[in-house]
There are 2 protein chains.
Amino acid sequence: MSVKANLEDIAKAAGVSKMTVSRVLRGGTGFSRDTKDRVVKVAERLGYVPNRLAAAFGADQSGTLVGMCVPRLTSGLFGHVLDGVDRALSRLGYQLLIGANNHSADEEEAWIRQVIAWRPAGLILSGRTHTPGTVDLLRSAAAPVVEIWDLTTSPIDMSVGFSHFDCGAEMGQFLLRRGRRRAGYVGALARADVMGAARLEGFDATLSRAGHPLVAREILHDTPGFYAGYYGLETLLSRQPALDVVYFHNDEMAIGGMAYAQSRGLRVPEDIGIAGWGGMEAASILPRRLTTTVVTTTAIGKAAAEALVARLKGEAGQDVTVVPTRLEPGATG
Amino acid sequence: MSVKANLEDIAKAAGVSKMTVSRVLRGGTGFSRDTKDRVVKVAERLGYVPNRLAAAFGADQSGTLVGMCVPRLTSGLFGHVLDGVDRALSRLGYQLLIGANNHSADEEEAWIRQVIAWRPAGLILSGRTHTPGTVDLLRSAAAPVVEIWDLTTSPIDMSVGFSHFDCGAEMGQFLLRRGRRRAGYVGALARADVMGAARLEGFDATLSRAGHPLVAREILHDTPGFYAGYYGLETLLSRQPALDVVYFHNDEMAIGGMAYAQSRGLRVPEDIGIAGWGGMEAASILPRRLTTTVVTTTAIGKAAAEALVARLKGEAGQDVTVVPTRLEPGATG
DNA sequence: TGCGTCAGGTTTACCGGTAACGTAGCCTAG
DNA sequence: CTAGGCTACGTTACCGGTAAACCTGACGCA
């Protein structure tokens, strides 16, 4: 807590005023080289640690605190986004305040309410589904906000992402081209995950238009990991064995599904096709490269951070940034 | 930034003093039920958002900011630790300030220097290797510090983790019991990752004592992911084909290694054994369950948060908490 | 009647910076 | 030689809370 020296102490020891010390330490102007050297030396000797609490409070804005809220901390994809954001922001001296909302708009609102109290310079949120209370809060806070992952044409402020609906639609088209006609879907988190739901919608819509609608779907209430994929496929096939391809909520679940298929002696892709989403590293090195949609997660984080910083610097940034996704044909679809 | 209403505004509108509003809103005592209801109603009507910057500054301590520094944000394991910490802390109203140090003690110091300026209530650091500057900084800040992952018998303050040396030693013993005699090692990050190095040391020491020292090692300068495991094993085997088991830096690399082995037609575990470390979910559902050391990552996060909170509440917590690890025999070793 | 006590407040003094403004001394151009 | 400008500072006020000290009227009670 109380770190010994403050500006006053340095000022006294260096024989100047507090204000001069403040100017020197922040690299401003209006002091001689001589004064600067003296102040810097004294500050170092006293082990001065600035008090940002005071600085931010005095200036009525935190200046360097950025809040970021993700659905889950345990997803590999979010880790990469976080990494992209952190690299871009920490280089510029910003601090990252993070939280998880567990795919709940209400938890997100609660988190934002806490974080807004710190007067952050900006916020990065996941998804485009927010409570009315959240929107009010953000509007009155007047801090820059970037919504990431799911593209929205009318963002609260800025938006970085892509269309999940289109991802699903594109995968649907691809699998139809590969001759698949009886598709199933294995998801997770039920309706909590709006983005996964959008992919499913896009997928289903495309298949239906082509006259081969989704044959079966299994949406678990579990976290979308390997286990859920494994058991999800088991359940799906027990209900509806005659499927020629299964689209999974994400790559982790798809890999779990592949493990199940192999354990049942089903050949992939001959007996059953498997497709995922997300583009996790493991998926590209498995014995058979997974058919999936690769999302450039780090790019999302980087773009979000850059959009935020541009806004903070008063530069006119883009309101909506589209980050490309790429359908990786792979060998399992 | 400027959120409209402050205590003064509420005070005026409710016909009481600022101080009374402060007490009501913080749930203190010294006001009538009548006053309380009035104040709460007014605060709500004005959409009051407390200013923690001011509160923390005024009280000369942040109260609810906790800093956490991890080596990399992109590791699946750290995501789980983060999750454990976040769950435990957010429930108690703390905010998490995170950063990555890229396995560099200098970057860690730089990060701490930034974060200390916010006068955090506590800090969670990874590993036990810190610069002298860091130690000074922490001592003068006098904030509770928890070092996680690698157990140290003389922590700066508190420590939660286990011995990486012992993990390596245990795996060495296990592989010897399975009859392995010509072991190799594939690691990453060179000497930057002290913990991985400790596992290697423990592994090597055990093998040497048994008279079957490590035959070859390959330590990449890459991030320890699937690709690094794949190419690491390729390189290792090209130099020294006659290995009967390979110990990997972590599970991700081990899975990459398995992929390489399969691509070369090597049977696991008949032709070559593979062992990992960490216990990632994928490893337990692969066609053959990976031989590895399972680390209860979420437990580390939870324990770290709890130790911190205990200290903050003035309770006498344990200085050193040992989190168990479990050698998972698997089917690949 | 006088006094202590307590609920239910109010007042005051900070916390450590920063913005805005003031000013002394010196230089330079007209 | 003097107005105006620049450099290098110093002064003052304020950000929005909180702790601590201080009031005040009502009530109980000897």
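Here is the naming used below: chain letters follow the sequence lines, and residue numbers restart at 1 for every chain. Note: hydrogens, waters and symmetry copies are ignored here, and every other heavy atom, side chains too, is used.
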Rounded to the nearest angstrom, tell me the gap between atom [atom1] in [X] and atom [atom2] in [N].
X: B/Leu25; N: D/dT18; atom1: CG; atom2: C1'; answer: 13 Å
X: B/Arg119; N: C/dC15; atom1: CZ; atom2: P; answer: 14 Å
X: B/Lys36; N: C/dG9; atom1: NZ; atom2: C1'; answer: 17 Å
X: A/Arg26; N: D/dC9; atom1: CZ; atom2: C1'; answer: 15 Å
X: A/Leu53; N: D/dG16; atom1: CG; atom2: C1'; answer: 12 Å
X: A/Asn51; N: C/dG16; atom1: CG; atom2: P; answer: 7 Å

- Task: Please evaluate the base of C/dT18 for a donor-acceptor partner in the side chain of A/Arg23 within a cut-off of under 3.5 Å?
- Result: no

- Side-chain donor or acceptor of B/Lys18 under 3.5 Å from a matching atom on the base of D/dG17? yes

- Task: Have a look at A/Thr35 and say if it touches a base, only the backbone sugar-phosphate, or nothing, with a 4.0 Å heavy-atom cut-off.
- Result: sugar-phosphate

- Query: Does the side-chain ring of A/Phe31 sit on the six-membered ring of the D/dC9 base, less than 5.5 Å centre to centre and under 30° in tilt?
  - Reply: no

What's the closest nucleotide to the [X] side chain, out of [options]?
X: B/Thr20; options: C/dT18, D/dG10, C/dG9; value: C/dG9
X: A/Met19; options: D/dG16, D/dT18, D/dT11; value: D/dT11
X: A/Phe57; options: D/dG10, C/dG17, D/dC15; value: D/dC15

- Message: Would you compute the distance between atom CD1 of B/Ile112 and atom CG of B/Asp136 and round it to the nearest 0.5 angstrom?
- Response: 11.5 Å

- Atom SG of A/Cys69 and atom CD1 of A/Ile124: how far apart are they, to the nearest 0.5 Å? 11.0 Å

Quick check on [N]: is either OP1 or OP2 less than 4.0 Å from any side-chain nitrogen or oxygen of [X]?
X: A/Arg38; N: D/dA8; answer: no
X: A/Ser17; N: D/dC9; answer: no
X: B/Arg33; N: C/dA7; answer: no
X: A/Tyr48; N: C/dG16; answer: no
X: A/Arg52; N: C/dG17; answer: no

- Message: Give me the atom names and distance for the closest heavy-atom approach of A/Thr297 to A/His80.
- Response: OG1-CB, 3.2 Å

- 5′-ward residue of the pair A/Ala59/B/Ala54 relative to DNA chain C: B/Ala54

- Note on the structure: Closest to the 5' end of DNA chain D, once A/Ser32 and B/Ala55 are matched to their nearest nucleotides, is A/Ser32

- Message: Please determine whether side-chain contact (heavy atoms from CB on, under 4.5 Å) holds for the pair A/Tyr48 and A/Val42, giving the CA-CA distance in whole Å, both sets of side-chain angles, and the decisive distance to 0.1 Å.
- Response: CA-CA 9 Å; A/Tyr48 174 69; A/Val42 172; over 6 Å; no

- Item | A/Asp86 bridged to B/Arg72 by N-O distance under 4.0 Å | no

